[in-house]
Novice: 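The structure follows.
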Number of protein chains: 2
Amino acid sequence: MLHPLLRALIAAELPVLEEHDVSMWGYAVLTGLDDTPVRTQAALAEAIGADKSRIIGTLDELQDAGLIERTPDPSDRRVRLLSITPKGRRVRRAVRKDIRGHEDRVLAPLPAADRQAFLRVLRHFYDTR
Amino acid sequence: MLHPLLRALIAAELPVLEEHDVSMWGYAVLTGLDDTPVRTQAALAEAIGADKSRIIGTLDELQDAGLIERTPDPSDRRVRLLSITPKGRRVRRAVRKDIRGHEDRVLAPLPAADRQAFLRVLRHFYDTR
DNA sequence: CGAAATCATACGCTTATGCATATGATCTAC
DNA sequence: GTAGATCATATGCATAAGCGTATGATTTCG
């Protein structure tokens, strides 16, 4: 059950991400920063389940693309705080909109009550994660 | 939005699979064969989204463990038909039961109607894949 | 009949990822 | 003041997986 679901979701998501020139981890970063705007790299990596070393390359790309910024933390010179740029926020929300659009099309044949319930359960997962 | 859900489900599934000494691909194979009992290796690999070469090792392991069998196809000497053994079926169903059990515990705080709807929607995703 | 296709199998190459280690700079606590 | 911890960064190692190629045996089709 799970495995085909995973494959279907990835298959749905990848073309959207490609269209916006964002990687999967890139999108996860943007999402994390959009939801909680300023974070240390370590905290963000933990929050999105990424390896703190491996995520560096992704951060570099996002920074080069002007989607995020790294700012030295005045209270701790080891730390660079991450934040999303307005451009990054726009990209993230556009991607989310497109992905939601696809999900909505998949869900469309189902009764509205089921759709609402599904979203409620997802929110539950998200909140308890 | 779906991403945390998937991480949670994967996190739930892996320990169960380890407990039963089955890999993820192994479980996918058992599931595929349980659902459609006799298949060529190529057909099964395609059905579960596996690479037909890479799946050979998994099939070897499952065969060694007595969970599946490979039988020459009398009508085509190139082909070996796969089938699940009664032991394989028992393992698959035990794993499924445990995974479901865990999912049920995660979903327990939610109203029953939401749970049912959630499962219905997941099934819909699965069917429209 | 013979060329092309197909089966299972093996393996090369590349990429991604998890985990570990290491570095230099900085911070914290004793 | 100093040892230990932590930050971001880089990289090694092992594993898994996708895709491609190749092989020998067999089948299909013109």
Side-chain angles (χ1 to χ4, degrees), chain A residues 2-15 17-18 21-29 32-33 36 38-64 68-83, chain B residues 3-4 6-15 17-18 21-29 32-33 36 38-64 68-83:
Chain A
L2 172 62
H3 192 63
L5 177 64
L6 181 64
R7 303 188 71 85
L9 291 171
I10 289 172
E13 210 169 283
L14 277 187
L17 293 173
E18 275 171 32
D21 203 28
V22 179
S23 68
M24 262 188 77
W25 281 118
Y27 181 55
V29 168
L33 289 178
T36 305
V38 180
R39 289 178 127 158
T40 67
Q41 291 181 202
L44 178 80
E46 164 131 26
I48 67 173
D51 181 286
K52 70 187 176 202
S53 295
R54 298 294 180 210
I55 205 72
I56 304 274
T58 299
L59 296 178
D60 291 343
E61 286 163 20
L62 292 175
Q63 183 171 3
D64 291 346
I68 67 168
E69 282 176 337
R70 292 193 247 204
T71 316
D73 182 350
S75 64
D76 185 341
R77 286 171 63 186
R78 296 170 298 183
V79 169
R80 295 211 278 173
L81 296 173
L82 297 174
S83 57
Chain B
H3 192 62
L6 291 175
R7 301 190 74 85
L9 291 175
I10 289 170
E13 203 167 292
L14 282 184
L17 292 173
E18 275 172 33
D21 203 28
V22 178
S23 67
M24 261 189 77
W25 282 117
Y27 181 57
V29 167
L33 290 178
T36 305
V38 180
R39 288 178 127 157
T40 67
Q41 291 181 200
L44 177 80
E46 165 130 25
I48 66 173
D51 182 287
K52 69 188 176 199
S53 296
R54 298 294 178 210
I55 206 71
I56 305 277
T58 299
L59 296 178
D60 290 343
E61 285 164 18
L62 292 175
Q63 183 171 1
D64 291 346
I68 67 168
E69 283 176 339
R70 294 197 248 205
T71 317
D73 183 348
S75 64
D76 184 342
R77 286 169 62 182
R78 295 171 298 185
V79 170
R80 295 211 278 172
L81 296 172
L82 297 174
S83 58

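By convention in this document, chain letters (A, B, ...) are assigned in the order of the sequence lines, proteins followed by strands, and residues within each chain are numbered from 1. All heavy atoms count here, side chains included; hydrogens, waters and symmetry mates do not.
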Novice: For A/I56 and for A/R78, find the nucleotide of DNA chain D with the closest heavy atom, then tell me which residue's nucleotide is more 5'.
Specialist: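 Upstream on the strand: A/R78.
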Novice: Taking any heavy-atom pair under 4.0 Å as a contact, classify B/D76: base, sugar-phosphate, or nothing.
Specialist: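 Result for B/D76 = sugar-phosphate.
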Novice: Could you check if a side-chain atom of B/L17 sits within less than 4.5 angstrom of a side-chain atom of B/M24, using non-hydrogen atoms only?
Specialist: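 Sidechains of B/M24 and B/L17: in contact.
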Novice: Rounded at 0.5 Å granularity, tell me how far CG in A/L81 sits from OG1 in A/T71.
Specialist: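 If we round to the nearest 0.5 Å, A/L81:CG and A/T71:OG1 are 6.5 Å apart.
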Novice: Think A/W25 has a side-chain N or O under 4.0 angstrom from the OP1 or OP2 of C/dT17?
Specialist: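 Looking at the OP1 and OP2 atoms of C/dT17, one of them is under 4.0 Å from a side-chain N or O of A/W25.
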Novice: Measure the distance from CG on A/D73 to C1' on C/dA25 and round it to the nearest whole Å.
Specialist: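 From A/D73 CG to C/dA25 C1': 14 Å.
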Novice: Does the side chain of A/K52 reach to within under 4.5 Å of the side chain of A/Q41, using non-hydrogen atoms?
Specialist: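 Result no, sub-4.5 Å side-chain heavy-atom pair not found.
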Novice: In this structure, how many angstroms lie between the C1' atom of C/dT28 and the CZ atom of A/R77, rounded?
Specialist: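 Computing the A/R77:CZ to C/dT28:C1' distance gives 16 Å.
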Novice: In whole angstrom, give the distance that lies between atom CD of B/Q41 and atom P of C/dA10.
Specialist: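 Result: 10 Å.
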Novice: In whole angstrom, what separates A/Q63's CD from D/dA8's P?
Specialist: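 The distance from CD of A/Q63 to P of D/dA8 comes to 13 Å, rounded to the nearest Å.
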Novice: Could you check how far CG of A/D51 sits from C1' of D/dA8, rounded to whole Å?
Specialist: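 My rounded result for the distance is 13 Å.
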Novice: Indicate yes or no: at least one non-hydrogen side-chain atom of A/D76 is less than 4.5 angstrom from one of A/T40.
Specialist: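 They are not in contact (no side-chain heavy atoms under 4.5 Å apart), so the answer is no.
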Novice: Taking the nucleotide of DNA chain C with the nearest heavy atom to each, does B/A42 or B/R54 sit closer to the 5' end?
Specialist: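 Checking each residue's closest nucleotide, the 5'-ward one belongs to B/A42.
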Novice: In whole angstroms, how far is the P atom of D/dT6 from the CZ atom of A/R39?
Specialist: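 To the nearest whole Å, that distance equals 19 Å.
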Novice: In whole angstroms, how far is the P atom of C/dA5 from the NZ atom of B/K52?
Specialist: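 It is 14 Å, rounded to the nearest whole Å.
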Novice: State whether A/R70 places a side-chain N or O below 4.0 Å from either non-bridging phosphate oxygen (OP1 or OP2) of D/dT9.
Specialist: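 Yes, because at least one side-chain N or O of A/R70 sits under 4.0 Å from OP1 or OP2 of D/dT9.
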Novice: Please give, in whole Å, the distance from C/dT9 P to B/L44 CG?
Specialist: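 Going from CG in B/L44 over to P in C/dT9 covers 12 Å.
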